[in-house]
There are 2 protein chains.
Amino acid sequence: MNKILRGSLHDEVVSRLRDMIVEGDLRPGERLNERELCERLGVSRTPLREAFKVLASEGLVMLLPNRGARVTRLTRRDIEDMFHVMGALEALSGELACTRIADDAVAEIRALHYEMLAHYARRNLREYFRLNEQIHRAILGAAENPVLTAMYNSLAGRVRRVRFMANMSSERWDEAVREHERILDALVRRDGAALAVILRAHLEHKCAVVLESDCIDAEETAEAVAG
Amino acid sequence: MNKILRGSLHDEVVSRLRDMIVEGDLRPGERLNERELCERLGVSRTPLREAFKVLASEGLVMLLPNRGARVTRLTRRDIEDMFHVMGALEALSGELACTRIADDAVAEIRALHYEMLAHYARRNLREYFRLNEQIHRAILGAAENPVLTAMYNSLAGRVRRVRFMANMSSERWDEAVREHERILDALVRRDGAALAVILRAHLEHKCAVVLESDCIDAEETAEAVAG
DNA sequence: CCGATCCATTTTGCATGCATAATTCCGCTG
DNA sequence: CAGCGGAATTATGCATGCAAAATGGATCGG
């Protein structure tokens with residue numbers, strides 16, 4: 001019984017459920033029982049059901065007619081598909097950013113880059129990823145395209161469910177940092193075409209890292225057979 | 001009172017509302033009165049409100065807390081933003097299609113291409129657009145990436161609201177057909193990189209055509225001031 | 001004459017109720 | 001003992017009810 005207080009209820013329920021799915025509180029393939037979740041969230045069925053519809057349209061849950069909602073399962077192929085699209089979107093964000101970004105925004109990204117390097121030097125993977133994400137978000141923001149941002153965030157939310165950080169090899173980490181050097185360089189030069197290519201490759205590599213840590217994938221496949 | 005019969009109600013309501021928005025039955029900026037729409041669709045408020053949430057997450061309507069739903073307004077900038085993203089997505093679909101498409105699927109696209117040319121020769125703009133869309137859908141399908149397809153369709157649904165067909169000049173039409181020749185050629189050669197470039201330019205040009213017919217844009221801007 | 005304020009009406013947000021479809025459980029049959 | 005069938009239970013889908021917020025309008029004050 002985790003009562004929600006602020007704002008409009010259905011939005012809050014959407015956020016809470018999203019978090020629960022991303023955090024693994026609600027496991028892939030798990031059936032979402034309305035009554036049970038109502039109690040857990042302290043709301044009635046109406047806002048909960050509205051939230052189900054939203055999450056379904058975002059692709060986080062699957063709605064089976066007369067059979068309730070289930071958390072969608074991510075197959076290896078789903079992850080590949082999502083990363084391909086994210087690659088295209090990030091490439092576009094890079095191009096747009098190069099045409100629009102101001103010098104001080106580039107300077108801020110450079111600062112984030114150095115912060116990230118510091119965490120890299122200390123081998124602090126978690127903080128490294130946090131800064132990494134901030135840099136990508138900054139580029140996305142510099143693209144100044146809300147449609148792009150919304151779509152990217154939607155996909156990012158879906159892949160975030162896959163936990164893979166522990167799986168990045170030292171070599172891959174080194175490579176990622178080199179890629180980030182080139183990202184910053186292209187951004188400084190406002191070379192949109194180059195930045196697009198680098199970002200796409202960067203995402204492709206990230207996808208490979210995620211897919212290597214396929215323990216989750218295997219686990220989910222096992223559940224798929226069972227459930 | 002246009003009673004809905006088949007399938008689950010909320011899905012049907014989502015489709016109906018989407019159509020009403022695309023067709024202009026519900027005008028941009030218009031407030032969506034629950035009671036009125038309930039009567040028009042012959043459903044109660046529950047499925048209608050669920051549909052609102054879905055359409056909001058798709059970006060077709062805007063939800064104002066305690067103040068109901070309004071059809072989102074498309075500014076010139078929104079259209080540009082959406083076309084940029086669609087360009088990136090189509091480019092990706094071209095690349096993926098080139099790696100995956102089978103010969104018979106290419107043959108089918110060639111057939112569609114010739115059908116389109118026939119309508120072009122007869123100056124039948126409506127049918128030309130229909131075939132045009134079929135070709136793009138075929139390439140998208142050949143990419144075999146459901147995530148990509150879903151995102152593209154979502155955006156396509158949003159820009160479809162803009163009626164622009166009448167506005168294409170003869171020169172631009174000629175150019176579009178030339179681009180389509182190159183699209184088919186690149187597809188036959190399985191030259192993904194080339195196809196990506198052409199498709200992006202193609203979308204960019206389409207965006208320009210849409211923006212030229214800014215009568216709608218002006219009208220909506222006027223409404224924006226009024227509403 | 002214009003603007004602000006308070007009350008009546010409408011509308012929204014959420015909870016609950018009811019009918020139908022799904023699931024479970026139990027006894028039955030082979 | 002496994003498999004099947006049907007009733008009881010549970011869950012879902014939709015409609016409706018109720019309280020709070022917003023909207024509209026008339027009255028009042030400047």
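Proteins get letters first, then strands, A, B, ... in listed order; numbering begins at 1 in each.
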By side chain to side chain donor-acceptor pair (under 3.5 Å), which residues pair with [X], not counting sequence neighbours?
X: Arg77(A); answer: Asp81(A)
X: Arg110(B); answer: Tyr114(B)
X: Arg31(B); answer: none
X: Glu34(B); answer: Arg45(B), Arg49(B)

Pairs: protein N or O with nucleotides 16-20 of chain C N or O, under 3.5 Å:
| residue | atom | partner | partner atom | Å |
| --- | --- | --- | --- | --- |
| dT16(C) | O4 | Thr46(A) | OG1 | 3.2 |
| dG17(C) | O6 | Arg45(A) | NH1 | 3.4 |

Under the salt bridge (Lys or Arg N to Asp or Glu O under 4.0 Å) test, which residues partner Arg200(A), sequence neighbours left out?
Glu95(B)
Taking only residues two or more places apart in sequence, or in another chain, which ones meet Arg100(B) in a salt bridge (Lys or Arg N to Asp or Glu O under 4.0 Å)?
none
Report which part of the nucleic acid Leu63(B) touches: base, sugar-phosphate, or nothing (heavy-atom distance under 4.0 Å, all strands).
nothing
Need one value for Leu32(B): base, sugar-phosphate or nothing, where a base atom within 4.0 Å counts as base even if backbone is also close, heavy atoms only.
sugar-phosphate
Contact list (N/O, under 3.5 angstrom) for nucleotides 22-25 of chain D vs protein:
none

Could you check how far [atom1] of [X] sits from [atom2] of [N], rounded to whole Å?
X: Glu34(B); N: dG17(D); atom1: CD; atom2: P; answer: 16 Å
X: Glu30(B); N: dT11(C); atom1: CD; atom2: P; answer: 14 Å
X: Leu48(B); N: dG13(D); atom1: CG; atom2: P; answer: 17 Å
X: Glu39(A); N: dT10(D); atom1: CD; atom2: C1'; answer: 14 Å
X: Asp11(A); N: dT12(C); atom1: CG; atom2: P; answer: 16 Å
X: Phe52(A); N: dA11(D); atom1: CZ; atom2: C1'; answer: 11 Å
X: Arg49(A); N: dG13(C); atom1: CZ; atom2: P; answer: 17 Å
X: Asn33(A); N: dT12(D); atom1: CG; atom2: C1'; answer: 10 Å

Sequence-distant partners of Thr149(B), side chain to side chain contact (heavy atoms under 4.5 Å, CB included), two or more places apart:
Leu140(B), Asn153(B)
Mind checking what makes side chain to side chain contact (heavy atoms under 4.5 Å, CB included) contact with Ala156(B), not counting sequence neighbours?
Met86(B), Tyr152(B), Arg160(B)
Pro47(A) has its side chain closest, among dA15(C), dG13(D), dA11(D), to dA15(C)
Salt-bridge criterion met for Glu127(A) and Arg130(A) (N-O under 4.0 Å)
yes
Carboxylate-amine/guanidinium proximity below 4.0 Å for Arg18(B) and Glu58(B):
yes
Could you work out, with ring-ring contact (aromatic ring centres under 6.0 Å, His included) as the rule, every residue matching His136(A), not counting sequence neighbours?
His180(A), His202(A)
Distances for protein N/O vs nucleotides 5-7 of chain C N/O pairs under 3.5 angstrom?
none

Can you tell me if His10(A) touches the phosphate of dG13(C), counting only side-chain N or O atoms and a distance under 4.0 Å to OP1 or OP2?
no
Without hydrogens or angle criteria, can the side chains of Arg137(A) and Ser93(A) be said to hold a donor-acceptor pair below 3.5 Å?
no
